[in-house]
Amino acid sequence: MRAGAPLQGTVPICGAKNSVLKLMAATVLAEGRFVLRNVPAIADVETMSDLLRSMGMHVERAHRGHDVTIDRPAEIVPEAPYELVERMRASIVVLGPLLARVGRARVALPGGDDFGPRPIDMHLKALEQLGATFEQSHGFVEGRADGLAGTNLLLEYPSVGATENALMAAVLAKGTTVIDNAAREPEIADLASFLNRMGAQVLGAGSSTITIEGVDTLHAVEHTVIPDRIEAATFLAAVGVAGGEITLEGARADHMDMLIEKLSDMGMRISPANEGIWAMAPDRLRATDVATLPYPGVATDYLPLFVAMLAVSDGVGIVTENLFSGRFRYLDELTRMGADIRTDAHHAVVRGRPQLSGAPVRAPDIRAGAALVVAGLGADGETIVRGAEHVDRGYEDFVAKLHALGADVERG
Ligand code: EPU
C-alpha cells in the first residue's frame, strides 16, 4: 500500500470477534438450534466452528451471509484438541460451559503466544471455587464437576476470559454466584444478554459485580452480535493517519467512550451518526499519552493503532502497555518504517514525524498487523505487510473495505 488520497465514504462494521467466540462457546449449554446474526466471516470464527464440530455439533453459515446456525445435539464430546487451541487460545472459554453442562472437560493447555505468557490460573481458580476439580497432564487440563454450586468469587484481576468462563459455569450452578472485580467489557454484557435470553438469570454484567442465580436448564435462541469496537477503532485510526472523513456504519459510540475521548484530544472530530459513528481527521494529529487498562480504560487492542497514529502526529506521546508484556514486538517493524520510537520496559516514547517511509514489514499478531497497514497509509512509497493471515483472524475484508474508502491498498 501507499499513502494516497484522504479516506472518504461509509464502511460497514462487523459483529465483534471477541463476543461471537464466547457466544458460540455458550451454545454448549443447551440442546437445540441456535441462530447467531451479524457473525463476521473471519478465521477465528472458523476455528471456533471447527472446535464445536469436533465436539459433534453442527455449524453452518448461510451462503455468503452473516447468519450462523448451530445445532447442539443431546450428546457431545467434551474435548478441545491441541491443534484447535493452538490456532486460537480463546478456545479455553469452552471449559466453563462444558463443566457446567456435561460435568467433564478435557481442554488442551493454551501455552504462551506472541504477546508473552497467557496463563489461565484465574479461570481454573474460579471454576474450582464453583466445585470443579482439575488435573493437568500431557499438555491437557482435565476437569470434572459433579454439579456446581454458586459461591462468591473475587477475581484478582478483571480478566475477560476468566469472567466469561465463571459466568458460563455459574448459570447452571445451584444457588447464587457473585463475581466481584468482574471484567466490564461490552462483550461480557453481550454474553450475559445471550445467556439471559437462553433462560439464565444474570444481573449486573457490564459492571464489576455480576450476580447469577443458577437455573436447571437453558434453551437454544437467536441473537444478534454487538458491533466490533476494535474493528471500528481500526478504521478511525486509518482516517486519522490518512486524513479524510468517514462513517462507520453499525458502530456503537457508547462502547468506545475512552477511545473517542483520546482521539478527540488528538484533534479528530467524532460524533454518533445515524446508526453509526461519523469521524473527520485534522490536517495532522496532535500527540497524546496513552496507557492501557481494562474496560472502560483504553483497550490493549487499541495500542498498536495509537502508536501508528503517534508515529505521524505532531509532538511526542508516551504509551504504556499494562496488560500484555510481549505486545511491543511490532514497534521494531514500525521503526523499520522510519518511526522514532524508544522503549523502556512497558513504556514507549513515540516522536511524531511528518511521514513514515514505506518498507516491507511483518505482522506479529492481529492488531499489530492491522496497525502496520494503518501506518502504511501514512508512509511515503510502498509498504508490504507480510503475515497478513494474522489480520484475517480478526478482520473481514479489511483490504477491500479500506480500498472502498479510497486507500491505495491491495492484497498480494
Ligand atoms: N491473566 C492471568 N491469568 C488468567 C487470565 C488472565 O494472569 O487466568 C492475565 C493475562 O496474562 C493478561 C491479563 O490477565 O495479562 C488480561 O487478560 P484477559 O484474561 O483479560 O484477556 P483474554 O480474555 O485472554 C481478551 C481478548 C483479547 C484482549 C484481552 C484484553 C478475546 C478472545 N480476547 O483476552 O483480544 O486483548 O481480552 O482486553 O476476547 C484480540 O482480539 O486480538 C485479543 C487479543
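All heavy atoms count here, side chains included; hydrogens, waters and symmetry mates do not. Order of listing sets the numbers, starting from 1, for every ligand and every atom in it.
With atom 41 (O) of ligand 1 as the reference point, the heavy atom nearest to it among Glu164, His390, Arg367 is part of Arg367. The heavy atom nearest to atom 1 (N) of ligand 1, out of those in Met48, Lys17, Met122, Lys22, is found in Met122. Nearest to atom 32 (C) of ligand 1 by heavy atom, out of Asn18, Thr292, Leu124, is Asn18.
Atoms of ligand 1 lying under 4.0 Å from any heavy atom of Asp301, numbered from 1 in the order shown and given with element: 28 (C), 35 (O), 36 (O), 40 (C), 41 (O), 42 (O), 43 (C), 44 (C). For ligand 1, the atoms closer than 4.0 angstrom to any heavy atom of Thr300 are 30 (C), 36 (O). Close contacts between ligand 1 and His123 involve ligand atoms 5 (C), 8 (O) [criterion: under 4.0 Å to a heavy atom]. Contact atoms of ligand 1 toward Arg327: 36 (O), 42 (O), 44 (C) (distance under 4.0 Å to a heavy atom of the residue).
A salt bridge links Glu231 with Lys401: the closest approach of a Lys/Arg side-chain nitrogen to an acidic carboxylate oxygen falls below 4.0 angstrom. Ion pairing between Glu245 and Arg269 fails under the 4.0 Å rule for side-chain N and carboxylate O. The existence of a salt bridge linking Arg362 and Asp332 is excluded, since no basic side-chain nitrogen approaches an acidic carboxylate oxygen closer than 4.0 Å. The existence of a salt bridge linking Glu396 and Lys17 is excluded, since no basic side-chain nitrogen approaches an acidic carboxylate oxygen closer than 4.0 Å.
Here's the thing with Gly161: one of its N/O atoms is less than 3.5 angstrom from an N/O atom of ligand 1. For Ile230, no nitrogen or oxygen atom sits less than 3.5 Å from a nitrogen or oxygen atom of ligand 1, counting backbone and side chain alike. Remark: ligand 1 and Ala90 share no N or O pair separated by less than 3.5 Å (distance only, no angle test). Checked against a 3.5 angstrom limit, the closest N/O atoms of Pro119 and ligand 1 fall inside it. Backbone and side-chain nitrogen or oxygen atoms of Leu323 are examined, and one is located within less than 3.5 angstrom of a nitrogen or oxygen of ligand 1.
Under the 3.5 Å distance criterion, with hydrogens and angles disregarded, no donor-acceptor pair is assigned to the side chains of Ser54 and Glu79. Looking only at atom types and distance, the side chain of Asn181 has no donor-acceptor partner in the side chain of Ser208 under 3.5 Å away.
Across His66, Glu222, His223, a single residue satisfies side chain to side chain donor-acceptor pair (under 3.5 Å) together with Arg37, and that is Glu222.
Residue-level proximity to ligand 1 for Asp121 is carried by backbone and side chain together, each with a heavy atom below 4.0 angstrom. When non-hydrogen atoms are compared, ligand 1 lies under 4.0 Å from the side chain of Tyr157 (C-beta onward) but not from its backbone.
Applying the side chain to side chain donor-acceptor pair (under 3.5 Å) rule to Glu261 yields no partners; only residues at least two apart in sequence or on another chain are considered. Judged as a side chain to side chain contact (heavy atoms under 4.5 Å, CB included), and not counting sequence neighbours, the contacts of Ala132 are Leu99, Leu127, Phe134, Ala145, Leu148.
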